[in-house]
Amino acid sequence: MEGRGDLEAILLVGGKGTRLRPLTLSVPKPLLPTAGVPFLAHQLARARAYGVRRIVFATSYRASMFAEAFGDGSSFGLELAYMTEETPLGTGGAIRNAAEALTSPPGAPVLILNGDILSGHDIGAQVERHVTAGAAVTLHLTEVDDPSRFGCVPTDESGRVTAFLEKTPNPVTNRINAGCYVFTRSVIDTIPAGEVVSVERETFPGLIEAGEQVLGYADRSYWLDVGTPAAFVQGSRDLVLGTLSSPALPGPPGEVLALPGAMIPSDAKVGGGTVVGAGAVVESGAQVSGSVIGAGAVIRAGAVVSDSVVGTGARIESGAVVRDSVVGDEAVVGPGNELRAGARLWPGVHLPACAVRFSSDV
Ligand code: GTP
């Protein structure tokens with residue numbers, strides 16, 4: 001559903017992204033290059049397509065990098081503003097703080113987006129449902145196959161959220177909080193200012209307790225939280241392959257997205273939604289699938305890389321194997337090494353022989 005065209009949003013991007021280290025040591029999670037552009041570019045383009053006009057970024061960790069990347073937003077047809085927390089205020093505190101920069105009147109709907117979610121859901125339909133019902137908050141709920149890994153969000157037959165339940169081995173519903181909310185502006189103003197507040201643990205349960213109308217907007221469209229390395233790689237792969245279409249993808253969807261200056265000879269096997277960064281080199285006979293290869297990285301002849309992130313300027317030498325792993329910027333995986341199953345090599349580390357570090361050690 002096409003949006004209203006005058007919608008304001010708050011984008012939560014202040015988290016430290018600890019689960020994505022070492023990728024997030026120098027770059028905040030929402031700015032990590034994903035399918036050829038900063039992750040957020042996909043979200044901004046989708047939001048714009050649904051009628052969002054102005055977005056306030058709620059920043060904290062490495063705050064200045066967001067304005068450097070997106071400026072005033074005019075290249076996206078958006079107006080962007082930035083609000084920074086000196087110390088992180090949690091999701092609720094961040095929304096309250098960023099709301100100081102909103103221009104919407106008290107009765108207007110305001111969209112809240114988590115900066116690490118890829119979602120194909122119809123934002124316009126979610127906003128419409130909120131406005132039609134006159135709700136306090138309308139949450140996007142997604143249905144997952146294994147809800148035991150998440151807190152779950154049951155609703156009654158009219159779609160009203162009845163509780164926020166913690167993780168349990170036997171969840172009562174497979175619907176979970178998908179991290180995209182519509183708030184009536186005046187409801188944001190009831191969140192205490194200048195305090196650490198969690199919307200999930202405090203604001204939403206408090207509103208339900210007070211009898212306010214908290215609605216669920218449930219669907220089963222594409223949805224992914226890119227908080228872990230495996231999910232981050234999957235998100236990039238899905239965007240490159242076109243599983244989730246993005247107006248920000250810098251090229252047609254397909255097996256490979258090669259950025260300007262990338263070198264891929266015809267006898268290298270590269271596919272499965274791989275992005276090869278600007279100036280990166282994949283040598284003859286190398287095999288790369290479903291991976292994110294950073295700018296200026298080198299994958300030598302005979303190396304194998306699958307479902308992994310290879311950082312900017314990193315090198316995978318001949319005969320090395322990297323599967324389901326993260327190789328930090330400028331790191332080198334020497335010949336004969338094998339990284340797999342969640343291994344993470346820190347930036348600049350040089351692996352001369354078969355020394356392997358697994359994520360379980362981190
Ligand atoms: P991990 O450390 O790996 O859990 O990642 P994270 O720090 O991003 O936390 P999480 O995934 O729970 O955060 C959900 C969203 O809220 C992300 O978009 C974060 O950037 C954002 N976020 C979390 N805490 C804060 C905060 O205190 N302030 C602001 N502005 N944003 C936050």
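Whatever order the structure lists ligands and atoms in, that order sets their numbers, starting from 1.
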In the protein, what heavy atom is nearest to atom 4 (O) of ligand 1, and what distance, to one decimal place, separates them?
Arg19 NE, 3.2 Å
Of the protein's non-hydrogen atoms, which lies at the shortest distance from atom 13 (O) of ligand 1, and what is that distance?
Asp116 OD2, 4.2 Å
Could you check atom 7 (O) of ligand 1 against the protein and tell me its nearest heavy-atom contact, residue, atom and distance included?
Lys16 N, 3.0 Å
If you measure every N/O of Thr91 against every N/O of ligand 1, is any gap under 3.5 Å?
no
Check: Ser308 side chain, Asp324 main-chain N or O, donor-acceptor pair, under 3.5 Å
yes
Should Pro147 and Arg175 count as side-chain neighbours, where that means a heavy-atom distance under 4.5 Å?
no
Need the ligand 1 atom indices (1-based, order shown) with element for anything under 4.0 Å from a heavy-atom of Thr18.
1 (P), 2 (O), 3 (O)
Quick one: does Arg62's side chain have a donor or acceptor within less than 3.5 Å of a partner on Leu25's backbone?
yes
Below 4.0 angstrom from a heavy atom of Leu89, which ligand 1 atoms are there? Numbered from 1 as shown, please.
27 (O)
Arg340/Asp307 ion pair, N-O < 4.0 Å
no
Using side-chain heavy atoms (C-beta onward) and a distance below 4.5 Å, is Glu317 in contact with Val332?
yes
Can you tell me which residue and heavy atom of the protein come closest to atom 31 (N) of ligand 1, and the distance to 0.1 Å?
Gly14 N, 3.0 Å
Which of the atoms in ligand 1, numbered in the order shown and given with their element, are less than 4.0 Å from a heavy-atom of Ala94?
28 (N), 29 (C), 30 (N)
Worked verdict on Glu8 versus Thr103 for side-chain hydrogen bond (donor to acceptor under 3.5 Å, both in side chains)
CA-CA 8 Å; Glu8 274 194 303; Thr103 59; 3.1 Å; yes
Within-cutoff protein neighbour (heavy atom, under 4.0 Å) for atom 9 (O) of ligand 1:
no
Numbering the atoms of ligand 1 from 1, which are under 4.0 Å from a heavy atom of Gly115?
18 (O)
Do me a favour and list the nearest non-hydrogen protein atom to atom 18 (O) of ligand 1 with residue, atom name and distance?
Leu12 O, 2.7 Å
Return the residue, atom name and 0.1 Å-rounded distance of the protein heavy atom closest to atom 22 (N) of ligand 1.
Gly15 N, 3.7 Å
Would a 4.0 Å cut-off, counted as strictly less than, catch a protein heavy atom around atom 1 (P) of ligand 1?
yes
Under a 3.5 Å distance rule, please check whether Ser318 uses its side chain to pair with a backbone N or O of Ala301 as donor and acceptor.
yes
Is the backbone N or O of Leu239 less than 3.5 Å from a side-chain atom of Ser246, with the two atoms forming a donor-acceptor pair by type?
no
Could you check whether any heavy atom of Ser60 sits closer than 4.0 Å to an atom of ligand 1, since that is the contact criterion I want to use?
no
Answer with side chain, backbone, both or neither: which part of Val13 has a heavy atom less than 4.0 angstrom from an atom of ligand 1?
backbone
Gln126-Thr138 side chain donor-acceptor pair, cut-off 3.5 Å:
no
In terms of its nearest heavy atom to atom 26 (C) of ligand 1, the top option of Gly90, Gly227, Pro30 is Gly90
Taking atom CZ of Arg201 as the centre, does the number of heavy atoms from other residues, nucleotides or ligands within less than 6.0 Å exceed 12?
no
Quick check: are there more than 12 heavy atoms from other residues, nucleotides or ligands sitting under 6.0 Å from CZ of Arg129?
yes
Residue of the set Leu80, Thr84, Val13 for which side-chain contact (heavy atoms from CB on, under 4.5 Å) holds with Phe66
Val13
Looking at atom 30 (N) of ligand 1, what's its closest protein heavy atom, distance included?
Glu85 OE2, 2.7 Å
When you measure from atom 5 (O) of ligand 1 to every protein heavy atom, which one gives the shortest distance, and what is it?
Lys29 NZ, 3.2 Å
Within ligand 1, which atoms have a heavy atom of Pro88 less than 4.0 Å away?
27 (O)
